[in-house]
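Everything on this sheet refers to the single structure shown next.
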Amino acid sequence: QEHLVESGGGSVQAGGSLTLACEISGNIFKLNCMGWFRQAPGEEREGVAAIWRGEGSTFYIDSVKGRFTISAPRNNNTMYLQLSGLKPEDSGMYYCATRLVECTVGGAWHVPRASNIWGQGTQVTVSS
């Protein structure tokens, strides 16, 4: 099974930017639907962005559209999440995940599942 390691988190002021990276080891060539989730203290984990590597299709929750960009270049084993226009409500632990399902418009990719493979997380803190 693949192993995921996130990096790039940090503390920024509102309006700032960060780029998160998720290095994936193992056999990634079978991986298609992968993405990023976040979890704030006391709240449930939520999906924020997903990518279907085969076609390069990307999916976002409404609250991050136009501000976050997910990418997964096929020439390396790393997935990225570019965060811009950050808001305090974007704060939380960010996790990358593979083996998402329903990477389609209106699909349930954003729902965490026991079958997902997770990294250990990287903290993002946005101050006002």
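Throughout, numbering of the chain's residues begins at 1 and tracks the sequence.
One hydrophobic cluster, built from ILVMFWY side chains closer than 4.5 Å, holds both Trp36 and Ile117. Residues Met34 and Val101 are members of separate hydrophobic clusters, defined by side-chain heavy-atom contacts under 4.5 angstrom among Ile, Leu, Val, Met, Phe, Trp and Tyr. Hydrophobic clustering places Val126 together with Ile61 (ILVMFWY residues linked when any side-chain heavy atoms are closer than 4.5 Å, directly or through intermediates).
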> Yes or no on ring-ring contact (aromatic ring centres under 6.0 Å, His included) for Phe37 and Trp118, after CA distance, side-chain angles and deciding distance?
Replying inline: CA-CA 10 Å; Phe37 290 68; Trp118 301 93; 4.9 Å; yes
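Residues satisfying the salt bridge (charged side-chain N to carboxylate O under 4.0 Å, His left out) test with Lys65, not counting sequence neighbours, are Asp62. Not counting sequence neighbours, the partners of Arg99 by the side chain to side chain donor-acceptor pair (under 3.5 Å) test are Glu2. Remark: Glu46 pairs with Arg38 by the salt bridge (charged side-chain N to carboxylate O under 4.0 Å, His left out) rule, at least two apart or across chains.
Val124 has its side chain out of reach of Asp90: every pair of non-hydrogen atoms, C-beta onward, lies at least 4.5 Å apart.
For the residue pair Gly119 and Tyr95, the shortest heavy atom distance occurs at O-CD2, 3.6 Å. Of all non-hydrogen atoms in Pro88 and Ala14, the two that sit nearest each other are CD-CB, 4.2 Å.
Distance check, rounded to the nearest 0.5 Å: CD1 of Ile51 to OG1 of Thr69 gives 10.5 Å.
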Donor-acceptor pairs are to be reported for all side-chain atoms of residues 103-115 against protein atoms at under 3.5 Å, with residues two or more places apart or in another chain.
none

Donor-acceptor pairs under 3.5 Å, side chain of residues 74-84 to any protein atom, not counting sequence neighbours: which ones?
from  : atom 1 : to    : atom 2 : distance (Å)
Arg74 : NH1    : Arg53 : O      : 3.1
Asn76 : OD1    : Thr78 : N      : 3.0
Ser84 : OG     : Arg67 : O      : 2.7

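Every pair tested for salt bridge (charged side-chain N to carboxylate O under 4.0 Å, His left out) that includes a residue from residues 118-128 fails, sequence neighbours excluded, so the list is empty.
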